[in-house]
Amino acid sequence: MDLSYILNELGEERENYFNAIAPPIIQTSNFKFDTVDKLRTAFEDEFKGNLYSRGMNPTIDILRKKLAALDGAEDALVFGSGIAAIAIPVIALLKAGDHVICVENPYSWTIKLFTELLPRFGVNCTFVDGSQPDAIENAIQSNTRLIYLESPNTFSFEVQDLESISKMAKKRGILTMIDNSYCSPLYQQPIALGIDLVAQSATKYLGGHSDVVAGVVTGSKDLIKRIFDKDYMNIGASMAPQNAWLLIRSLRTFPTRMEKISKNAEIIIKWLENHPKIEKVLYPFNPALPSYAIAKKQMKGMGGLFSIILKNADANQIEEFCNQLKHIMMAVSWGGHESLIIPAVAGIKRAEFNPSNERHKLIRIYIGLEEPEYLIKDLERAFKVI
Ligand SMILES: *Cc1c(COP(=O)(O)O)cnc(C)c1O
């Protein structure tokens, strides 16, 4: 399907709302029925029509169609957050006694899902280094039901070979799921590589303006309906129509934003790589990293997220560098219009900082839509004080 068609037309039945270009926000919790018989039909399958907005809603429906098409998937469900789009499908597909294999270093709340929430209900997880070709296959047990991937992750950018993992999993009847937030559907198409379910934090690139928390999962009609009928309706982490409308609006400029963000990040990475106070820049397309060949094979681009390590960095220097920045703001999240920084030291106690642990020294930078010269000036000022 044409990207321009998906973003400008798909799912939009303008003749139903005064030919308005922008869709209406159908801000309603419930929908009226004329006869008991019609109400009964709606009860029989909530997935099919509008009954109650915890399930289906016309504004949300427009967004679902666009997000499914962007992933090349048959269907999509949207959620009130990215982590709900990960946790609810995982919970819906597993039962007590099942085993999950998850790659190392995924999103922080994904770790807690697999190490704290699911074990309480009898589901256990093994974490493996997904960049090692055999590590996942070697961790398979007789009760393994799901292989969970995040390629690349959003702090250290390790990648997994999606095509070979999905082939191996299919042969054994094991489901595969990926968190594709880093690449977005513009830069990576996991469904085409055989992955069953693709989750994304829509808070990031899809929203793009740091004003919505939302999530999406895409996959086959069967899997999406199974998730909807089971735990989607029961846990109730649905998206508000207003937020669906904001996301539809954001999608109009999605490719344009991604293009500018990627260009900006490329310029800044080049500048940083030549800076005397930089030891290393981590990003999936860094030819010096082991991830390079697989990243090049399966990713079309990389957006604005990367990490740096300062030369001879100690915790003081890292903190001073971050504290000095005036335009690049210190905040969690990424994918919006604004450039952001977050050092790994902020996530640990100062006394625990270990200068020989590379992960402790990482400073994650997200480059947004500002002009690169403006951001470079800011970085240069911070470099001067350390
Ligand atoms: C932010 C993020 C999430 C969680 O999304 P929320 O919208 O914050 O719930 C999941 N995975 C990755 C990679 C993220 O960056």
Side-chain angles (χ1 to χ4, degrees), residues 71-74 77 82-83 85-119 121-154 156-183 185 188-201 215-220 222-224 226-227 230-231 284 290-291 294-295 297-299:
D71 270 345
E74 287 175 7
L77 281 177
I83 196 62
I86 294 166
I88 292 175
V90 165
I91 291 168
L93 298 174
L94 299 175
K95 60 177 189 320
D98 286 347
H99 173 251
V100 179
I101 296 168
C102 178
V103 291
E104 279 170 358
N105 307 318
Y107 178 66
S108 56
W109 288 97
T110 303
I111 298 178
K112 287 182 190 139
L113 170 70
F114 289 128
T115 56
E116 292 179 28
L117 195 154
L118 287 172
F121 300 94
V123 174
N124 287 305
C125 180
T126 307
F127 288 88
V128 302
D129 178 355
S131 61
Q132 298 303 316
D134 299 329
I136 291 179
E137 191 160 14
N138 291 340
I140 291 175
Q141 304 176 5
S142 59
N143 57 342
T144 302
R145 297 280 171 269
L146 176 69
I147 295 170
Y148 185 92
L149 310 170
E150 188 176 313
S151 182
N153 69 41
T154 56
S156 42
F157 317 108
E158 293 95 22
V159 302
Q160 300 103 50
D161 187 329
L162 304 186
E163 195 170 16
S164 74
I165 292 169
S166 76
K167 265 197 195 132
M168 181 274 293
K170 270 207 173 66
K171 250 191 272 165
R172 294 163 173 267
I174 300 170
L175 287 168
T176 49
M177 178 168 175
I178 187 172
D179 181 337
N180 198 37
S181 303
Y182 181 90
C183 283
Q188 186 163 269
Q189 293 269 293
I191 299 268
L193 298 173
I195 301 294
D196 294 308
L197 286 169
V198 180
Q200 258 186 103
S201 169
V216 55
V217 73
T218 63
S220 69
D222 273 1
L223 278 175
I224 293 296
R226 212 164 113 195
I227 296 163
K230 290 180 67 149
D231 300 317
S291 59
I294 296 172
K297 186 178 84 165
Q298 64 191 19
M299 289 167 55

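Note: hydrogens, waters and symmetry copies are ignored here, and every other heavy atom, side chains too, is used.
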Any sub-3.5 Å donor-acceptor pair from [X]'s side-chain atoms to [Y]'s backbone N or O?
X	Y	answer
Thr115	Ile111	yes
Glu150	Tyr107	yes
Lys112	Leu117	no
Ser201	Ser181	no
Asp179	Ser151	no
Asp196	Thr176	yes
Asn138	Asp134	yes

What closest approach, in Å, do [X] and [Y] show between heavy atoms, and which atom pair accounts for it?
X	Y	answer
Ala169	Ile147	CB-CD1, 3.9 Å
Ala73	Thr218	CB-CB, 3.6 Å
Arg145	Leu94	CB-CD2, 3.6 Å
Ile227	Pro89	CD1-CB, 3.7 Å
Val216	Ala85	N-CB, 3.5 Å
Gly97	Asn143	O-ND2, 2.8 Å

Excluding sequence neighbours, so at least two apart, what forms side chain to side chain donor-acceptor pair (under 3.5 Å) with [X]?
X	value
Ser131	Asp129
Ser108	none
Thr144	His99

So [Y] and [X], do their side chains get closer than 4.5 Å, heavy atoms only?
X	Y	value
Pro106	Asn153	no
Tyr148	Ile86	yes
Cys183	Pro152	yes
Lys230	Leu93	no

Let me confirm one number: the [atom1]-[atom2] distance from [X] to [Y], rounded to the nearest 0.5 Å.
X	Y	atom1	atom2	answer
Cys125	Glu116	SG	CD	12.5 Å
Ser166	Ile195	OG	CD1	5.0 Å
Leu113	Leu118	CG	CG	4.5 Å
Ile174	Met168	CD1	CE	6.5 Å
Tyr182	Gln188	OH	CD	10.5 Å
Leu149	Glu158	CG	CD	13.0 Å

Can Asn124 and Val100 be said to form a side-chain contact (heavy atoms from CB on, under 4.5 Å), step by step?
-> CA-CA 6 Å; Asn124 287 305; Val100 179; over 6 Å; no

Who are the side-chain contact (heavy atoms from CB on, under 4.5 Å) partners of [X], not counting sequence neighbours?
X	answer
Val128	Ile101, Thr126, Ala135, Ile136, Ala139
Ile294	Val159, Asp161, Gln298
Lys167	Glu163

What's the verdict on side-chain contact (heavy atoms from CB on, under 4.5 Å) for Ile224 and Val217, showing C-alpha distance, side-chain angles and the deciding distance?
-> CA-CA 8 Å; Ile224 293 296; Val217 73; 4.1 Å; yes

How far apart are the C-alpha atoms of Ile83 and Thr110, what are their side-chain angles, what is the distance that settles it, and do they pass the side-chain contact (heavy atoms from CB on, under 4.5 Å) test?
-> CA-CA 7 Å; Ile83 196 62; Thr110 303; 3.8 Å; yes

Evaluation steps, side-chain contact (heavy atoms from CB on, under 4.5 Å), between Leu175 and Leu223 = CA-CA 10 Å; Leu175 287 168; Leu223 278 175; 4.2 Å; yes

